[in-house]
Structures are given as C-alpha cells and as structure tokens.
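Remarks on the structure that follows.
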Amino acid sequence: MNSQRLKLSQLRALVAIADSGNFSEAALQLNLSQSTISHAIATLEEELGVILLQRGRYGASLTPVGERIVTQARQIQYLLQNIETEANREKGLQSGKVRIVCFRSIATHILPTVIARFSAHFPQVTVTLTEMDDTVDMEQALREGRADIGFTYLPASHEFETWEILRDDYIVLLPPNYTIKSRKLSWEQLASYPLIMTGVHCCAQLISVYLKTSNYPMNIAYQVREDSTIVGMVMQGLGVAILPRLAAEPLPPLIRVCDLPSHLERVIGVAVLKNALHSPAIYAFLDALRSQGQFIEKTVV
C-alpha cells in the first residue's frame, strides 16, 4: 500500500456513509454525485486491500475493519479542523462581518447554501443579507460602503471588481388555457398577447431593448414590480410575461413555459468595490462563492 495515494476526499466519503448509512445520503451531504462517492470508496478499498463496507439493498454498513478505520478517519478530520481553526485565527476570521446586497432570485436560490457552508467554517463571522430590486441600488450601496459584496448584471462599471457567477435565460410564461403548437414563440405570436411587463428597472431595461429588435409592436398591458405577482397574474390569464428563469421559480405546474423568438439572458456577477480595504472575512466569503461555482451551475440548470 502507498499511503501517499490516500485522499482526504475518500476518507470524507467513508465518514459520510458511516454517518448516513447509505451512498445516496452521503452524496447529498457532500454535494457530490453518487457515482463519485462509489468511486472514492472503491478506490480506497483497492488501495487498502480490505473491504470497508458491506453493500445491501437497504444501505451500507461498516465491516469490522471499516469500523476501526472510520474511527481513524474521524480523528484525521478533527485534526484538519483544528489546523483550519488555527489558520483562521491567524487571519482574523474568528470575528468579522460580511454585508451582502442582492436581488430576490439570488437570495432565494443561490445564497442559502453558500452562507450555510461558510457559516459552518466561520461560525464567528456575521453575515447580513439585504434584498434590493435594482442593480443600480446595489451598486450604490457598495459605493457608499453600506455593503461589502453585491450581485449585479455584467458588464458593470469599471469601479468594481467583478466575476461571472451564472447566466440566467429569459423565458415566456403563458396562462394554462393558452394553446401553443411550438416550444418557441415567434415575434408575431408574442406581439399578439397582452404583455405583463416587469417594473424592476434593470430587468425591464434589458427586456425593452430586446423587444425593440422586433418589427412587431408589443401590447404592454400591465407593469408590475414583484415577480410573484406577475406569475399570479399570468396564472389568472391576464397576459403573458417575460422573466428570467431563476426569478420565475417556483412556477405553478399549470403555467406554460416557452422560449423567446431569439435568445436573451442576463449575466449575473459578484461585485466588490475596487481599491477598498476588505477584511479577511470578506475575502473568505468570496472564496466560498468561487468554490460553489459548480453547485450554482447545477442549480440553475
């Protein structure tokens, strides 16, 4: 056996299975696929030359040698946590505050998981989250020092340091009683429906510019600020709406979803003020956001 081939990810997988009793729950706990967990355990058993788990229809249980080895794996994890704690203490992460501004769809679908994972590593750091409707307001909060991290549409002003976090497609929402023959609407079809327009400036501006590329005049029947209200009005047959997919979720099951005549998306990025003096806690949260990139892509898809 070559001990240098043993990986911490394999030991984490073993401990997670021991705690949960099955591979699928362990995969959810570690935010990995079940096949990744299975491969990690198979590779670990092959390297050690022993069977660690008995697989069965109702889950997995540790073998006697697995029981002894998982005890050692827990000790290794404990030691790693101590190392991390010492490093964080040196970096000043035993206290601090991270102030975030974002729009509702990010606060609902993206940030809870990131904040939970961050807080598990840095329990002494306080995270505050403020929802705002418009990217203009969020960027102003960063300029005035009322927030440390913001989410905005890209490209943003040159005074911010930004990076892309996700791309969110715009979709058309139609009432349950509307008959459609194709998943993709034509400009003529879109112009024939009463349109419920969002009142949020950044989103409305992007949609307005997009609609001007059509040769058909649009019938804007309503202008509404709240996404949930727009969805409710569509559900009642008052018109159709164009919304980012993430903002529209969760959708009632009877609402019909179609593609726009041509593709439209919003590119969402994380922003911090350039040349500002950011605390270690802020940099740590930015690292947590970066490390969640793959998870965020899966969530949006």
Side-chain angles (χ1 to χ4, degrees), residues 1-96 98 108-127 165-166 280-281 283-301:
M1 186 190 78
N2 186 350
S3 61
Q4 293 182 348
R5 294 180 183 174
L6 298 182
K7 298 179 180 178
L8 292 174
S9 58
Q10 296 169 337
L11 300 180
R12 290 192 183 100
L14 179 63
V15 171
I17 295 170
D19 289 341
S20 63
N22 62 71
F23 282 70
S24 59
E25 287 295 326
L28 289 173
Q29 180 182 332
L30 297 176
N31 195 31
L32 297 170
S33 67
Q34 188 168 334
S35 61
T36 300
I37 294 291
S38 298
H39 178 73
I41 296 301
T43 305
L44 179 60
E45 289 179 328
E46 181 180 354
E47 187 59 44
L48 294 175
V50 295
I51 300 299
L52 302 172
L53 293 164
Q54 293 288 352
R55 285 81 162 170
R57 179 181 298 179
Y58 302 106
S61 59
L62 292 165
T63 62
V65 67
E67 292 276 6
R68 297 194 297 273
I69 288 177
V70 82
T71 299
Q72 306 298 322
R74 293 186 194 279
Q75 292 178 3
I76 291 172
Q77 285 191 329
Y78 176 74
L79 292 172
L80 285 173
Q81 290 173 358
N82 286 344
I83 291 172
E84 186 177 9
T85 298
E86 289 300 325
N88 290 338
R89 183 177 292 113
E90 181 66 23
K91 291 185 293 185
L93 286 170
Q94 291 305 301
S95 62
V98 179
T108 301
H109 300 290
I110 303 301
L111 282 177
T113 299
V114 179
I115 293 173
R117 290 177 177 271
F118 176 81
S119 297
H121 284 89
F122 311 112
Q124 304 302 318
V125 177
T126 302
V127 178
I165 196 77
L166 64 92
Y283 284 115
F285 194 87
L286 292 174
D287 287 340
L289 277 170
R290 292 187 183 99
S291 68
Q292 287 296 306
Q294 186 178 8
F295 166 77
I296 290 172
E297 289 176 8
K298 291 178 181 177
T299 302
V300 174
V301 171

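Positions are given from 1 along the sequence.
Ile17 contributes atom CD1, which lies 7.0 Å from atom OG of Ser38 (distance to the nearest 0.5 angstrom). For the atom pair Leu32 CG and Phe23 CZ, the distance stands at 13.0 Å (nearest 0.5 Å). Of the inter-residue distances, the one linking Glu46 atom CD with His39 atom NE2 reads 9.0 Å to the nearest 0.5 angstrom. From Arg74, atom CZ reaches atom CG of Leu11 across 11.5 Å, with rounding to the nearest 0.5 Å.
With Val98 as reference, Phe285 is the one residue of Tyr283, Phe122, Phe285 to meet the side chain to side chain contact (heavy atoms under 4.5 Å, CB included) rule. Here the rule is side chain to side chain contact (heavy atoms under 4.5 Å, CB included) with Glu45, and of Leu52, Leu14, Val50 only Leu52 fits it.
Contact between His121 and Arg117 at its shortest, heavy atoms only, is ND1-O, 3.0 Å. Here the closest non-hydrogen pair linking Ala40 and Ala13 is CB-CB, 4.2 Å.
Applying the side chain to side chain donor-acceptor pair (under 3.5 Å) rule to Glu25 yields no partners; only residues at least two apart in sequence or on another chain are considered.
With a 6.0 Å radius and a threshold of 12 heavy atoms from other residues, nucleotides or ligands, Arg5 has its CZ atom at or below the threshold.
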query = Can you list the steps and then say if Leu166 with Ile110 is a side chain to side chain contact (heavy atoms under 4.5 Å, CB included)?
reply = CA-CA 10 Å; Leu166 64 92; Ile110 303 301; 4.1 Å; yes

task = Could you give me the CA-CA distance, side-chain angles and deciding distance for Leu53 and Thr63, then say whether side chain to side chain contact (heavy atoms under 4.5 Å, CB included) is met?
result = CA-CA 5 Å; Leu53 293 164; Thr63 62; 5.7 Å; no

query = Going through the checks in order, is the side chain to side chain contact (heavy atoms under 4.5 Å, CB included) test met by Glu47 and Leu6?
reply = CA-CA 8 Å; Glu47 187 59 44; Leu6 298 182; 3.8 Å; yes

